[in-house]
Amino acid sequence: MKKALLFGALALAAITALPATPALAKATGPVAALDTDDDGTVDLKEINKSATDLFTRLEKDSDGTVDIKELKGRVSKKDFKTADPDNDGTLSKDEFLTMVSGLFKDADPDNDGTLDAKELASKKGKALLRVTR
């Protein structure tokens, strides 16, 4: 009985002495702000939710679109023009989310459908964050 208790205590001590792994660590920074399902990564659904919220906040004139001024420097003129296929000088919510989807894909070099902290910290990840927060 004493051996079993001693063995159990030693096993518990060994487990609690292990360092926290990234999978067990609580996400911080952009991941924590966007990760609504608390899985430690950000997927396209979570990005689109945040981008939709931003679109709604920036769309001040209630015309259902944002123009380059309303985006307040979040995208370059070149990227805006690319995201505006009808060349009307504005982005509808669908056009905006299509642009966000492309930025998400660019920021996901391993093509696993999720972004971790390292991917969000990359140049392409930061470009994505500018249009989602």
Decide, yes or no, whether a salt bridge links D53 with K49 under the criterion of side-chain N to carboxylate O below 4.0 Å.
yes
Please give me the minimum heavy-atom distance between D35 and E46, naming the atom from each residue.
OD1-OE2, 3.2 Å
Say you draw a straight line from CG of L34 to CG of N48; how long is it, rounded to the nearest 0.5 Å?
11.5 Å
Might you point out which heavy atoms bring V100 and I47 nearest each other, and give the distance in Å?
CG1-CG2, 3.4 Å
Can you tell me how far apart CG (L91) and CG (L71) are? Round to the nearest 0.5 Å.
6.0 Å
Hey, what do you get for CD1 (I68) to CZ (R74), rounding to the nearest 0.5 Å?
11.5 Å
Spacing of CG belonging to D108 relative to OG1 belonging to T41, to within rounding of 0.5 Å:
10.0 Å
Assess the side chains of S92 and D94: does a donor N or O sit below 3.5 Å from an acceptor N or O?
no
Backbone N/O of T132 and side chain of S50: donor-acceptor pair under 3.5 Å:
yes
Compare every heavy atom of L115 with every heavy atom of L120, then report the nearest pair and how far apart it is.
CD2-CD1, 3.7 Å
Taking all heavy atoms of R57 and all of R133, pick out the closest pair and write down the distance.
NH2-C, 3.7 Å
How long is the straight-line distance from NZ of K126 back to NZ of K124, given to the nearest 0.5 Å?
14.5 Å
